[in-house]
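First up is the structure itself, then whatever we jot down about it.
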2 protein chains.
Amino acid sequence: MDASLICHVGLIQDGKPFVIPTLHARDGDNLLLHGSAASRMIKHAGARPRSVHHHYAGGWAGAGAASVFHHSANYRSAVLFGQGHMADAAEKNRYLKIFTDKLIPGRWDDARQPTELELKATSVVVMPIASASAKVRVGPPGDDDEDYALPVWAGVLPMQTRGAPVADPLLRAGIDLPDYVKEYIQ
Amino acid sequence: MDASLICHVGLIQDGKPFVIPTLHARDGDNLLLHGSAASRMIKHAGARPRSVHHHYAGGWAGAGAASVFHHSANYRSAVLFGQGHMADAAEKNRYLKIFTDKLIPGRWDDARQPTELELKATSVVVMPIASASAKVRVGPPGDDDEDYALPVWAGVLPMQTRGAPVADPLLRAGIDLPDYVKEYIQ
């Protein structure tokens, strides 16, 4: 949760599910969201009972297998459940400092502090994390034993930075990186 | 939508909102999702009326302003609405090729094709896009005029690759990159 830069908030409105991407921070066991005081997402998350907030942590990489079927994605994902409330005016400044310092450590003390009007225009939602679940996939693809005999390159392709592919440690020797993967990383 | 690597599907279960991150592809005006035939998300998205699917496109960068208040995020976001149905067995192979070639162009023809058993274990949800909305923020931060007089660095910090900061074109001359931003990009 701390490693991810954005989260996705799930809301129900008029019987329909909505998903709103937003920034988040953490204060102890509380998830913090913030936004314009006029934002539908912020009003909803701070007022509705049974609001559930989900959180997706980035840092994923695609895992390519010799078989189409065993292609997969490496990722870290966390889902947080709870019920939010609006932060008191007195707490707001402290929460906004936590937000700023999470995204750019050291930034709060350098930039101009919020005026009273700016603080009024910004709402902070505090959601005590009632429960949470996490899911992770790491490592090379999991091909069927017989597929490792195929002359097909397999391994991990980092997606976030389009970095250099890491060959599957189980890959047979002498199988070069295909041209389309070389193009992919340029 | 085509540029993003993951999407977030919104579902309602037992009156509560759920958000599930997953891969997606597009076939004309149809959003495609896929997963294990046993997946709750896939069953739900393919069977329930009024399912709404939302989609968040990546490629965002944080915009740092001289004032704390005007810090913002650059991003591209698309939300898609519609009602999904399960793909016929006859169409499934074509849809899975679209998926594979979107993530790693050229991969489908190189890797081993799915067996009949593997196809049975995989479900594809087809959601005709009934409506959609998109939101974009680009460019430098929008500071208040008087804040440009402050001796505070402002500009865009690319988040996805942690690349080199781009100074705000309105920044006064002679304001160096602060140490905490130099640390940030290492």
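Numbers restart at 1 for each chain; the letters A, B, ... are given by sequence-line order, proteins then strands. Not measured: the values here are computed from a predicted model.
The distance from the CZ atom of A/Arg112 to the CG atom of B/Leu150 is 7.0 Å, given to the nearest 0.5 Å. Taking CD1 from B/Ile6 and NE2 from A/His8, the interatomic distance works out to 6.5 Å, rounded to the nearest 0.5 Å. Taking CG of A/Leu96 as the start and NE2 of B/His71 as the end, the distance is 12.0 Å to the nearest 0.5 Å.
Within the 4.5 Å cutoff, the side chain of B/Asp144 has heavy atoms near those of the A/Glu118 side chain.
Annotation for B/Val19 and A/Val9: closest pair CG2-C, 4.4 Å, computed over non-hydrogen atoms.
Not counting sequence neighbours, B/Asp29 has no partner by the salt bridge (charged side-chain N to carboxylate O under 4.0 Å, His left out) test. Residues satisfying the salt bridge (charged side-chain N to carboxylate O under 4.0 Å, His left out) test with A/Lys92, not counting sequence neighbours, are none.
Residue B/Glu146 qualifies as enclosed at atom CD: its count of foreign heavy atoms under 6.0 Å is above 12.
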